[in-house]
Protein chains: 2
Amino acid sequence: MATLKDVARLAGVSVKTVSNVVNGYSFVKPDNRRRVEEALEATGYRPNLGARNLRRGRTGFIALVLPELSIPYFAELAGLVIAAAQDHEWNVLIEQTFGTLAGERSALASLGPHLVDAAILSPEALQVDDFQLPVPAVLLGEHAVDVPISRVGIDNVAAAQAAVRHLISLGHQRIAAIGAHPHRGTAALRLEGYRRALAEASLPFVDELVVPALNYHRADGAAAMRSLLDLRTPPDAVFCFNDLLAIGAMRAAGERLVRVPQDLAVVGFDNNEESAYSSPSLTSVAPDKAAIAQAAVDLLHRRVEAGDVLENVETPFSLQVRESTVAR
Amino acid sequence: MATLKDVARLAGVSVKTVSNVVNGYSFVKPDNRRRVEEALEATGYRPNLGARNLRRGRTGFIALVLPELSIPYFAELAGLVIAAAQDHEWNVLIEQTFGTLAGERSALASLGPHLVDAAILSPEALQVDDFQLPVPAVLLGEHAVDVPISRVGIDNVAAAQAAVRHLISLGHQRIAAIGAHPHRGTAALRLEGYRRALAEASLPFVDELVVPALNYHRADGAAAMRSLLDLRTPPDAVFCFNDLLAIGAMRAAGERLVRVPQDLAVVGFDNNEESAYSSPSLTSVAPDKAAIAQAAVDLLHRRVEAGDVLENVETPFSLQVRESTVAR
DNA sequence: GTGAAAGCGCTAACAT
DNA sequence: ATGTTAGCGCTTTCAC
């Protein structure tokens, strides 16, 4: 592999001149430039990123810390983050935490300042004192813990409220919620949105209709739905805190021969691609994932380059109405 | 950030001794070891990976080149590859090609030997002459193009044959296939498995029942299914070359009020997590994704460390029978 | 404008 | 067993 020195020797100039050409710097004598470019071409020179970054004190990487790639929301998001990072010549390193405190701690610990220039975090269990980060970071989604880190995400309370309002506008009166979680910030916010929508319609908040979920996988949604269907008076609608829970809930309903949406309306959250193709298709809160990815990366880039101050970005969302609430 | 030199100064020893301790090398005088460890602790030393790798001539990264993270199969696989790579202290860099030739070429081009130690590739459009790789690589899945690169994957012909045999054993006679593709190696192999299963049961190979798909997304499966349902004699079963196509096909069938599996049995390929929760749940060929990820990473590690020779690994698969072929 | 040379943090001869 | 030192490939003062 050709190095700068090789190119310099071939072109009959100094390393500095080659470096100048490679980096598009300052003024290089046209004659030299031409010879350097020829030598570059002839040797097939490719800069050694490690060496460059060592010298520059940058790494060229950002970390994306998330629970699990097998969760569609995070997989879709990761794809968008990778695309957005390319614009700033960043490569993305993905760390999976599996939503555990230990996993999140170890992911953060591995984030040496030498490994990445910045980090995008989607924590679920972390506590305030865990956030001693060696690099600029941005938190995805809102979190109950109050840490001095930038955040990017939608207004979860408003989004949840919109989802439940939709159910209420359809005439549903006994609306359940699946996904309450004691330590998860976004869960608390979505629950608050649920509560507000009920309150503004003067509907009672019924404890037995709020089902916690320790994880947000399809199986958890199915289990929660079964417990709801076992109630003396089951709900006529359910708001799930993510699409996987909703898919699981619809599956459980189907197994009990409860028809969606006739007997039970279902709303999810995240708008996974799969939700447009389930049977019935799933009404879901749709955060603008591309906007989230773009904002997170841009914000970090500004911080790293210009040392910008802390800043939060609220991204838009919409409600995708589909067959799980309105029969076709 | 503390460097080796700082630690050495604090401990009153040379950098070499510190380096020895850090790397768990040879014999260090117990007294020195203790002082170095204290200094390590006091300074909170973390090695600069960039510098280490520059010196060692390694990067500490492997590339995972795949079409798109929003495709569940690749998302699940990526998660497993990341986990497997951790065992060898490798970080994984994901590159998305979006299945285009241009995307694949540009991903390969960016694979400088300075960026990654090795690469795992899942190409769809690449031609033979594109495979001039600067680093050891392994191909996921089989490909029609015959290139001198290690391969890891299941026996696609046998797997497809098993899927179609299952349909035949259920009494289906008019079995369609969705996902034929002119330039995709795995598509050709799965088609061959389909053909063989028909042949061994003395069923005719009917051209109009084989539907190509340029992409393997849900929408493509739905479109293909609609065209099949428009036939004078629609099929009574369909084998889809991946689960997304199958999900789309089931969706399209549902929209035409064709019942699955009573009127139409459906088999997919990949066994995505979502396929266990669709309604009806999807019968699918299940490659052992964890085995694929593990084998690919291990194989590369051996190549990089020991310069092992070219080698192919065939991983196991099974058929997950669910409601889309056998009603519950 | 361009060259010479220092040095980013680390490892590995080589010397002791 | 440990210290000294060269050098991985690059960028960047500092002279000229």
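Scope of the values below: all heavy atoms of this structure, side chains included, with no hydrogens, waters or symmetry mates. Note on naming: letters A, B, ... go to the chains in the order of the sequence lines (proteins, then strands), and numbering restarts at 1 for each one.
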Inset, instruction - Report yes or no: does B:Arg151 contribute a side-chain atom to a donor-acceptor pair with the main-chain N or O of B:Asn312 at less than 3.5 Å? - result: no
Inset, instruction - Verify, without hydrogens or angle tests, whether B:Lys289 (side chain) and B:Asp270 (backbone) share a donor-acceptor contact under 3.5 angstrom. - result: yes
Inset, instruction - Examine D:dT11: is either OP1 or OP2 under 4.0 Å from a nitrogen or oxygen in the side chain of A:Ser19? Give yes or no. - result: yes
Inset, instruction - Can you tell me the distance, in whole Å, between the CG atom of B:Asn20 and the C1' atom of C:dC10? - result: 13 Å
Inset, instruction - Just compare D:dT2, C:dG1, C:dG9 and give me whichever is closest to any side-chain atom of B:Leu54. - result: C:dG9
Legend entry - Gap between atoms OH and C1', on A:Tyr45 and D:dG9 respectively (whole Å): 7 Å
Inset, instruction - Establish, from distance only, whether the side-chain atoms of B:Asp298 and B:His88 form a donor-acceptor pair under 3.5 Å. - result: yes
Inset, instruction - Starting from P on D:dT13, measure out to CZ on A:Arg56 and report it in whole angstrom. - result: 13 Å
Legend entry - A:Lys16, nearest nucleotide to its side chain (from D:dC10, D:dT2, C:dG3): C:dG3
Inset, instruction - Whole angstrom is fine here: how far is it from CZ in B:Arg58 over to P in C:dG9? - result: 22 Å
Legend entry - Short side-chain N/O contact to D:dG3 OP1/OP2 from B:Thr17, under 4.0 Å: yes
Legend entry - B:Asn23 CG - C:dC10 C1' separation (whole Å): 9 Å
Inset, instruction - Would you mind reading off the distance between A:Arg55 atom CZ and D:dT12 atom P, rounded to a whole angstrom? - result: 7 Å
Inset, instruction - Between B:Val15 and B:Ala51, name the one whose nearest nucleotide on DNA chain D is closer to the 5' end. - result: B:Val15
Inset, instruction - May I ask you to verify if any side-chain N or O of A:Arg52 is less than 4.0 angstrom from the OP1 or OP2 atom of D:dT11? - result: yes
Inset, instruction - Check whether any side-chain N or O of A:Asn53 sits under 3.5 Å from a backbone N or O of A:Leu49 as a donor-acceptor pair, and report yes or no. - result: yes
Inset, instruction - Just call it for B:Asn32: base, sugar-phosphate, or nothing, with non-hydrogen atoms closer than 4.0 Å on any strand. - result: sugar-phosphate
Inset, instruction - Using heavy atoms to find the nearest nucleotide of DNA chain D for A:Val22 and B:Val13 separately, return the residue whose nucleotide is more 5′. - result: B:Val13
Legend entry - B:Thr43 side-chain N/O to B:Ala39 backbone N/O, donor-acceptor pair under 3.5 Å: yes
Legend entry - N/O donor-acceptor pair under 3.5 Å between A:Gln96 side chain and A:Leu69 backbone: yes
Inset, instruction - Answer yes or no: is there a donor N or O on one side and an acceptor on the other, between the side chain of B:Asp117 and the main chain of B:Thr59, under 3.5 Å? - result: yes
Legend entry - Nucleic acid contacts - residues 3-11 of chain A versus DNA chain D, non-hydrogen atoms under 4.0 Å: A:Thr3, A:Leu4
